[in-house]
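Naming convention: chains lettered A, B, ... in sequence-line order (proteins, then strands); numbering from 1 in each chain. Being a predicted model, the structure only gives us computed values, none of them experimental.
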Number of protein chains: 2
Amino acid sequence: MTRDDIARLRRFNRAVTAEVGALDTSFLGRGRPLGPARVLNAIGQGIAEVGEIRAYLRLDSGLASRLLRGLEAEGLIETSPDPQDARRRIARLTPTGAEEVAAYEALSDAQAGAILARHPHPEALLAAMDLVASALGRDRIALTEVRVGDPRAQACLNAYYTELSQRLKQGFDVSLSADPEAAAMEAPRGAFLIAVSDGRAIGCVGLKGTDKGYAEIKRLWIDPSARGLGLATRLMAEIEARARALGIARLRLDTNSALPEAIALYRRAGWTEIGRFNDDPYPDHFFEKRI
Amino acid sequence: MTRDDIARLRRFNRAVTAEVGALDTSFLGRGRPLGPARVLNAIGQGIAEVGEIRAYLRLDSGLASRLLRGLEAEGLIETSPDPQDARRRIARLTPTGAEEVAAYEALSDAQAGAILARHPHPEALLAAMDLVASALGRDRIALTEVRVGDPRAQACLNAYYTELSQRLKQGFDVSLSADPEAAAMEAPRGAFLIAVSDGRAIGCVGLKGTDKGYAEIKRLWIDPSARGLGLATRLMAEIEARARALGIARLRLDTNSALPEAIALYRRAGWTEIGRFNDDPYPDHFFEKRI
DNA sequence: GCCGTTACCTGACATAAGTCAGATATATTA
DNA sequence: TAATATATCTGACTTATGTCAGGTAACGGC
């Protein structure tokens, strides 16, 4: 790491710091200070529990409470105790609040659009932003279980299929693989996890129950912008934990030698290479792990 | 521009907003609020006039004034009237202030280093950051005249030579070109301009005086991260203005067909293609413009 | 049911940041 | 030289943000 590298990073910091006001003028465009606006938008994003809001925005409990009271007084949100645990409170948008959030969204979209529109290579700019966002936000990447039909899961799977078709010599056609298996990747037989960074799914992995005495790990994929951050390891650890919770004792997976980083990961994570256990046309490496 | 593009940009915004506090903890690491810390560092960067500081940090005049008084009271800066215009005031670091700035720099470097160190591909991350910083900071790119020997000018020239050696079929060796000509690119015969974005030089152009009845434009280069933002056009317009101010009426330049974007720019900017006017081995296109 | 813990709230502050209307001194122009 | 413009400063605010020490109600394990 040279002095020049550091200068480059610091130039980025300054550019972003200088523009952050501008980036967030949507928060300031509606006559409301930043604090309440951020809370309102967090609620609009579906963050409901007061504690979650606090953690997400890193607010002091007193401050959070006051901001919520303010929004309530404006008629933008309502709060009620959590039925599961009445110590917690859940915040919800009122219709007025939903309109207000929509107005913020529209401002923010317009702004994002303006930045993209004036750039000569929007795709390159977006790819760069993805990379930076993943690098900076790595601590805030959350793993969530979803159904395979969830649009975020589908987005990951489509990206995964596209990548396979580019990287495998013979291409890839999902219908030839032992697949569409949504039901087998849902509770109680299996699971499907996605990694979510600020609302965007940037990785996935599936656990597919079978009746052959083992379950399979399928569809491990990480967005290119987030590779090398240890996310695959986190997803694997979490899906193993889910498998254990479902009473599964033996896991198998198959992969292709065109994906050497995946093979290296499995070896590091304690998987043992075994012989072919299916007749799927694509894989040429097979692994097993007892858990 | 799709909804997904906008979602990507907004994820970037959120990631950066969330981290900006962290990115700037160096500003908070020395028991001083953000306002004074930013002013102190601006002065440390060489921004001396009160008005410039105000513009750079977008501060109200009253607030700026108060922050300056605070730093003065701490013994970190001194101010004195500008000898050219006694209405203006110039701020300067005291030795204590310089130490303090150095401490901020060290914190900031350490932090930048930590971000880079934990990333698997620091060069890719830096390239992405450059691209984003140029896209966001395009309005803050300043053109400055420097001597060719200035390290920022040298950095640009080295990048330019490296790029030429990659793009020209026959490679490029600066010593074969009609060059080292520093003196001819300095006042009163010529000029050398760099484009500076937050302290980093990201583009250059030279005006080389000759005694052949014309001056030459040389060494037009833009950092890859800043291409397409209209910076080359700005640099050309500014160097032409300098030429005019030096009483030069006719400009010439040469270029190579491996640089089609440059050729297109010259055509757009009103240059006329002419026949070869030197025996430099690299160029194969020659242009002239009366100004 | 008791007790320690948790989640959230309230009140009382303290500090930071931003605004605005003059005041002062200097420069510029007619 | 008078009138006007400019650069900065000061004082008197308002608002926003952050902090801390309790207070209340609900939960969970015994």
Side-chain angles (χ1 to χ4, degrees), chain A residues 17-18 20-22 24-43 47-74 76-92, chain B residues 17-18 20-22 24-43 47-74 76-92:
Chain A
T17 307
V20 149
D24 276 340
T25 46
S26 67
F27 277 152
L28 303 171
R30 300 190 59 78
R32 189 172 289 112
L34 194 59
R38 293 209 309 151
V39 171
L40 185 63
N41 282 280
I43 298 170
I47 302 177
E49 258 177 46
V50 173
E52 270 185 277
I53 296 172
R54 270 214 316 265
Y56 182 70
L57 302 176
R58 303 185 192 187
L59 294 172
D60 170 84
S61 94
L63 184 50
S65 193
R66 243 181 298 278
L67 292 171
L68 287 168
R69 288 302 80 67
L71 291 170
E72 230 168 4
E74 276 193 87
L76 300 173
I77 63 166
E78 289 168 345
T79 62
S80 52
D82 182 337
Q84 261 84 58
D85 179 343
R87 289 172 304 182
R88 292 179 218 276
R89 288 185 83 76
I90 304 282
R92 225 171 22 271
Chain B
T17 307
V20 151
D24 277 339
T25 46
S26 68
F27 277 152
L28 304 171
R30 300 190 59 79
R32 188 173 291 113
L34 194 58
R38 293 210 307 150
V39 172
L40 185 63
N41 282 280
I43 297 170
I47 301 177
E49 259 176 46
V50 173
E52 271 184 277
I53 296 171
R54 271 214 315 266
Y56 183 70
L57 302 176
R58 302 185 193 187
L59 294 172
D60 170 84
S61 93
L63 184 50
S65 193
R66 242 181 301 278
L67 292 171
L68 287 168
R69 288 301 82 66
L71 292 170
E72 230 168 3
E74 278 192 84
L76 300 173
I77 63 167
E78 288 168 345
T79 62
S80 53
D82 182 336
Q84 261 83 58
D85 179 343
R87 290 172 302 183
R88 293 179 218 277
R89 287 184 84 75
I90 305 283
R92 225 171 22 272

To check you understand the geometry: which heavy-atom pair defines the closest contact between B:P81 and B:A86, and what is its length?
CB-O, 4.0 Å
Protein-nucleotide distance (A:E49, atom CD; C:dC8, atom C1'), rounded to Å:
12 Å
For the side chain of B:S65, counting heavy atoms from C-beta on, which of C:dT19, C:dC9, D:dT10 is nearest?
D:dT10
Reading nucleotides 11-17 of chain D 5' to 3', which nucleotides get B (base under 4.0 Å from a protein heavy atom), which S (sugar-phosphate only), which -?
BB---SS
Contacts of A:L59 and B:R88 projected onto DNA chain D by closest heavy atom; the upstream (5') one is B:R88
For B:R89 and C:dT24, what is the distance between atoms CZ and P respectively, to the nearest whole Å?
16 Å
Rounded to whole angstroms, how far apart are CG on A:D60 and P on C:dG11?
16 Å
Minimum heavy-atom distance A:E52-A:I47, with the two atoms named:
CB-CG2, 3.6 Å
Out of curiosity, A:I90 CD1 to A:D85 CG, how far, rounded to the nearest 0.5 Å?
9.5 Å
Taking every heavy atom of B:L57 against every heavy atom of B:R38, the minimum-distance pair comes out as O-NH2, 3.4 Å
Between C:dG18 (P) and B:R54 (CZ): distance, integer Å
15 Å
Can you measure from CD1 (B:I43) to CD (B:E78) and round to the nearest 0.5 angstrom?
11.0 Å
If you look at every heavy atom in B:I53 and B:A91, which pair is closest and at what distance?
CD1-CB, 4.5 Å
Under a 4.5 Å cut-off applied to non-hydrogen side-chain atoms, are B:D82 and B:R89 in contact?
no
Please give me the minimum heavy-atom distance between B:P33 and B:P36, naming the atom from each residue.
O-CD, 3.4 Å
Every protein N/O within reach of nucleotides 22-30 of chain D N/O, cut-off under 3.5 Å:
residue: D:dC27; atom: OP1; partner: A:A86; partner atom: N; Å: 2.9

Taking every non-hydrogen atom, the tightest pair across A:S61 and A:R54:
CA-CD, 3.2 Å
Taking five pairs at each terminus, the helix from C:dG1-D:dC30 to C:dA30-D:dT1 shows an axis bend, to 10°, of 30°
Under 4.0 angstrom between A:R69 side-chain N/O and C:dC9 OP1 or OP2
yes
Heavy-atom side-chain contact between A:T79 and A:R69 under 4.5 Å
yes
Whole angstrom is fine here: how far is it from CG in B:L57 over to C1' in C:dA16?
16 Å
Looking at side-chain heavy atoms only, is the closest gap between A:L76 and A:R32 below 4.5 Å?
yes
